[in-house]
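Shown next, in structure tokens, is the structure this report addresses.
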Amino acid sequence: MLLIRKLRDLRAVLDAWRASGAAIGFVPTMGALHAGHMSLIEAARRAGQRVVVSIFVNPTQFGPNEDFSRYPRDEEGDARQCRAAGADLIFLPPVEAMYPPGSVTRVHLSKLTDTLCGPFRPGHFDGVATIVAKLLNLVQPAAAYFGEKDAQQLAVIRRMVADLDIPVRIVGCPTVREPDGLAMSSRNRYLSPEHRRQATCIFAALRQAAAAIAAGQRDAAKLRSDMRAVLEASGPLQIEYAEVVDAATLQPLEQISSSALLAIAVRIGGTRLIDNVSIAM
Ligand code: PAF
């Protein structure tokens, strides 16, 4: 497995791979890797691609009061996991390489970013879209793999790729969960044992709402208030949203009549956690 930090070295290796006829599968990450990331690497491997993993804690997607400086960084552990999962190359650029002095361009998407996490994290999706566009331009993969846990991020990236005619297939991969249902996330390691136990309320609320829909409930307001009740019963926490949105537009629904997304964002002991369940009709 190669470990590359310089953009020109990355381009040279990938040009040679492409010239030899290899297809490249790309897994962009911010490191602090877990089983969810491994499932993305495995999906790329199953597709018979050379697997490139980027590890870059992207400053432009963090707000001024967010956790950029304390975001977990574990280069050695990440490299070990990537090697074990069969990645072929890790790209670890320094911040100055991705945002050299004078760089001012940002990719902004409207509408899709007006709901869910957008209002709570101003500028976040501009940062995500910008870095993903840059990484896709650098790596030029046949396919890029993203987790469905970040459903709004996935929708934003699909839209951006379509709008900017970026020639890549975006593959969404199912959320990987702990045995008790908590969605895997690099931020789970911030949780105290007590908050870790409480965090199971997120998937419990989503699962209960999904079961209610399966039993015939179509009233989105009732689903929202029932999800909130499950979250609030778990102990002290701050609910950012417990939403029922259209799966394609991410706009809030009144009635469930087509594919929907149940989505939650909460802060437990200061740690922001998100999760979602999609409902096919
Ligand atoms: O999901 C993430 O880890 C990040 O948002 C991404 C897509 C790597 C962009 O920095």
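Worth knowing before you read on, the calculation uses all heavy atoms, side chains too, and leaves out hydrogens, waters and symmetry mates. None of these values were measured; they are calculated from a predicted model. First listed ligand is number 1; within each ligand, the first listed atom is number 1.
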When distances are taken from atom 10 (O) of ligand 1, the protein heavy atom at minimum range is Q61 OE1, 2.6 Å

Looking just at side-chain N and O atoms, do E42 and Y145 make a donor-acceptor pair shorter than 3.5 Å? no

May I ask you to check whether over 12 heavy atoms, not counting those of R45, lie within 6.0 Å of atom CZ?
no

May I ask you to check whether Y99 and N58 show a side-chain donor-acceptor distance below 3.5 Å?
-> yes

Counting from 1 in the order shown, the ligand 1 atoms closer than 4.0 Å to a non-hydrogen atom of T29 are 8 (C)

For M30, the atoms of ligand 1 under 4.0 Å from one of its heavy atoms are 3 (O), 4 (C), 10 (O)

One finds that the ligand 1 atoms under 4.0 Å from a non-hydrogen atom of I131 are 9 (C), 10 (O)

Would you check the N or O atoms of Q153, main chain and side chain alike, for any that come under 3.5 Å of an N or O of ligand 1? yes

**Asked** When the ring planes of Y190 and Y71 are compared, do they come out parallel, tilted or perpendicular, using 30° and 60° as the limits?
**Response** perpendicular

inquiry  = Could you check whether Q198 and S234, counting side-chain N and O atoms only, form a donor-acceptor pair closer than 3.5 Å?
reply    = yes

